[in-house]
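What follows is one structure encoded as C-alpha cells, with my remarks underneath.
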Amino acid sequence: MEGRHSHPSTPIPDDFVQKWGKKRGSYNCGRCGLPKKGHVCDLTKEFSEVPTPTSSDAKSFVLPSPLSVVRTKPTPPLPPPRQAVPQLRRALSFDDIGVTDESPGSDDDEGEGEGEGEGEFLDFESELDLGGSGKLPANCLWEVFKRLPPSSLLSSAKVCKGWRDVSRRIWKSAEELRLEVPVKAQIGLVGSVLQKCPGLVKLSLRMKSDVDATMLACIAFSCPNLDSLEILTSETSVNRITGDELGRFVADKRCLTNLKMEGCSNLGGFTLSSTSLSTLCLSELFCHSKMVFNCPNLKEISLIFSRQENENTDLTAMVNGLGRSCPRLQNIHVASVRLTHAVVLALTAANLRGLRMLSLVLGSEITDASVAAIASSYSRLELLDLSGSSISDSGIGMICNVFPETLLKLLLALCPNITSSGIQFAAAQLPNLELMDCGMSICDPDLDSPAEQENDTVELQRTPSSKLHLIYQKLIIKHSHLKKLSLWGCSGLDALYLNCPELSDLNLNSCMNLNPGRLLLQCPNLESVHASGCQDTLVETLQNQVCGDFMADDNHYPCKRLPDGSKRIRVPHSYSPQPFDDGKRKRRLSKQRCAVLVY
C-alpha cells in the first residue's frame, strides 16, 4: 500500500493535497483522465506509437488526448487528475460556435490554442479587446467582420462581448452602407442601423416598402455628414415623397453632393437649392408644374420622365432654367417623349461652355436641324446620344464634320432613318470613337411590331414604307480604337465585316437575318459576343470564328516556307522578323477565351 503512494507518476502540488486531502491512489485513467471503473481507453493504439517517458523528461512530455496535440516545444507539466475532467468541456469552445474554417487565421491558430486548459477560453474576450495573439486576434476578426453583410454583422454582436466590441467598431468606422429594406420593415429598424454609423458618407437604400418624408427625416437626423444618397424602388414600393419635402431635405443637407432617387412620380412642382450638389438623378418624373434647380455647382443631371401619354411637363422652361442657374453643367441626360426641336434650341441658347456629354433620348421630333443647332453651339462633345430621334445620314455627316477629334461615344439606337452607309461613314470619319450603338436602326419592315424585338423596352417610331429599300444591307467597319459595338435588333442586316483590333464587346442580339456565310470578324481582343435571338447556324459560325482566332493565337512559332521548299505555310500578316518577346507571349497566353452569350 505504501509502494503505491511512494512512486507517483505525476507530482501532486501541495495546495491540491491541502484542499482535497491525500487519496488512496488514482482512480482516473492515466492516459485520458476518465474514471477507470468500466473504462476501456481508446488511446491504446496511440500509446503504442509514443515512447514511454522517463524520469528525466517527465516535465517536457505530454500525454496525447482527443483535445490536444503533441508539440515539439516544451509544455507545462501534466495537470492533476481532478483537473482533466473540466478539460473535456473544450468541445464547447468558442471556435466551434462562431468561427468557421473559412475565417482568416483560424487554421493556424487552432493548433496553437488547443490543449491549454479552460483558463485560456475565459481570457479570450480580453485578448480580442487588446489585439493579442489568441486563437483569433482582433485584427483577424476585424477583417472577417468588415466583409459581412449588415444583417450578419448585427447577428454577430449577440455572440459575446468581444464580438460585440469589434462589431461596434466596424459600425462606427463604416463610410458606405447598402441596405435592402423589406416590405414590412418599420422606420425604427432603419433608424437603429443608421445610428450605429455616425461617420456614414454614402448610403444606398433599396426599398421594398413604401418610402415617404419620414425616411428622409430619419436619414437627415442619423447621418449628419452624408455625401451621397441613393434611394431605389421596386415593384412593391411606392415613393410618396413630395417636391417640398425633397427641397427641404436638399437644402438642409449642406454636405450632400450626389442624389439619386427613383419613382419620383409624386414630386409635382419642386425647387432644389443647394451649393454643394454636383450630381442629380431623378427617374419616373410625371407632370411637373414647376422644376427649378438653383444649384450653381451642379455638373451632372439625369432626368427620366414617364412615358405615359398624359405626361405634360414643360421641358423648354425647365431647360431655360438650367442654363441660368446651373452654368457648370458638363453632363446632361434627358429621356422624354416630349423632347422637340424647341427644347434643343433652348438648350443651345443656354450656352453651357463646359458641356461634354449630351443625351437626348426618345425625342422623335429631333431632326437633322436639331443636330445642326447642337453642332453650332457645342463643338467639344465627347458623348452624343440621340437614340429614338428622327435624324438621317445627313445628320450623321454633320456630326462627323464637327466632332472628328473629340467624340468618343456615339449612340444612335432606335433611329429608323439612318442606314448602314451612315454608320460606315461615322466609323471612318471618327478615328477616336470607342463606343457605337446603332441598335434597332437597320430593321426589316416585314417583321411584326419592333417592340417585340426590343430588349430595353423602348418603342421605335418608324414608317415601314420608308424602309423597304433597306432590307439586306451589309455593314463594313474598320476601326483601330473601337472597343464596343452594339447592333442589337438590326434585323435588316445581312452581311457584317469587322476589322477592329481593339473591339472587346459585340452585341448581335436579335440579328435574325444575318447570313452566317457573310460574317467575318477580325477582332483578336474580342471578349464577349451577345447572340440571343439569332439563328443556330449564326451562333455556330460565331463560335468557330472566335474560337479559331483563339487557337491561332496559341501558336506562337513563326510560319514560313520549309527549307527544302516541299511545303509552303502561309505567313500571317502580323508576323515580323523581330525577336520574340517573352513578356508579350505571357500576355497572349493569359488572354481569356471569347464567350458567345446566348440567353
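If you read the sequence from its start, that first residue is 1, and numbering goes on from there. From a predicted model like this one, the values you see are computed outputs, not experimental measurements.
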> Can you check side-chain contact (heavy atoms from CB on, under 4.5 Å) on Leu496 and Leu508, steps first, answer last?
Replying inline: CA-CA 10 Å; Leu496 178 63; Leu508 297 177; 3.8 Å; yes
>> Tell me whether Gln473 contacts the main-chain N or O of Ser420 through its side chain, where contact means a donor paired with an acceptor under 3.5 Å.
In response: yes
>> Can a side-chain donor-acceptor contact be found between Thr340 and Glu365 if the only test is distance below 3.5 angstrom?
In response: no
> Distance-only, no hydrogens or angles: does the Asn294 side chain make a donor-acceptor pair with backbone N or O of Thr271 under 3.5 Å?
Replying inline: no
>> Can a side-chain donor-acceptor contact be found between Asn297 and Ser278 if the only test is distance below 3.5 angstrom?
In response: no
> With the threshold set at 4.0 Å, does a side-chain nitrogen-carboxylate oxygen contact exist between Glu311 and Arg307?
Replying inline: no
>> Within the 3.5 Å criterion, strictly below it, is a donor on Asp437 or Ser486 matched to an acceptor on the partner's side chain?
In response: yes
> Should we say atom CD of Glu176 is surrounded by more than 12 heavy atoms from elsewhere, each under 6.0 Å from it?
Replying inline: yes
>> Quick one: does any side-chain atom of Ser222 pair with a main-chain N or O of Ile219 as donor and acceptor, under 3.5 Å?
In response: no
> Is it true that atom CZ of Arg328 has more than 12 heavy atoms of other residues, nucleotides or ligands lying nearer than 6.0 Å?
Replying inline: no
> Is a side-chain donor or acceptor of Lys208 paired with a backbone partner of Ala185 at a separation under 3.5 angstrom?
Replying inline: no
> Taking all non-hydrogen atoms of both residues, which atom of Cys534 and which atom of Ser510 are closest, and how far apart?
Replying inline: SG-N, 4.1 Å
> Do Asp244 and Thr242 have side-chain atoms, one donor and one acceptor, less than 3.5 Å apart?
Replying inline: no
>> Under the side-chain hydrogen bond (donor to acceptor under 3.5 Å, both in side chains) test against Asp368, which residue among Ser389, Ser394, Ser392 passes?
In response: Ser392
> Does any non-hydrogen side-chain atom of Leu482 lie less than 4.5 Å from one of Leu498?
Replying inline: no
> For the residue pair Thr406 and Leu381, what are the closest heavy atoms and their distance?
Replying inline: OG1-O, 3.1 Å
> Is the shortest heavy-atom distance from the side chain of Val238 to the side chain of Asn266 under 4.5 Å?
Replying inline: yes
>> Under a 3.5 Å distance rule, please check whether Asn225 uses its side chain to pair with a backbone N or O of Gly199 as donor and acceptor.
In response: no
>> So which atom in Ser167 and which in Leu153 form the shortest heavy-atom distance, rounded to 0.1 Å?
In response: OG-O, 3.3 Å
>> Is it the case that over 12 heavy atoms from other parts of the model lie below 6.0 angstrom from the NZ atom of Lys196?
In response: no
>> On a heavy-atom basis, which atom in Phe293 and which in Cys326 lie closest, and how many Å separate them?
In response: O-SG, 3.6 Å
>> So does Thr419 get a backbone contact from the side chain of Asp393, meaning a donor-acceptor N/O pair under 3.5 Å?
In response: yes
> Is it true that a side-chain atom of Asn513 and a backbone atom of Ser491 form a donor plus acceptor pair closer than 3.5 Å?
Replying inline: yes
> Looking only at atom types and distance, does a side-chain atom of Ser276 sit under 3.5 Å from a main-chain N or O of Arg254, one as donor and one as acceptor?
Replying inline: yes
> If you look at every heavy atom in Cys415 and Gly388, which pair is closest and at what distance?
Replying inline: SG-N, 4.0 Å
> Taking all atoms of both residues into account, what is the closest heavy-atom pair of Cys218 and Gly191, and its distance?
Replying inline: SG-CA, 3.4 Å
>> Just to verify, which of His288, Lys290, Met291 counts as forming a side chain to side chain contact (heavy atoms under 4.5 Å, CB included) with Met318?
In response: Met291
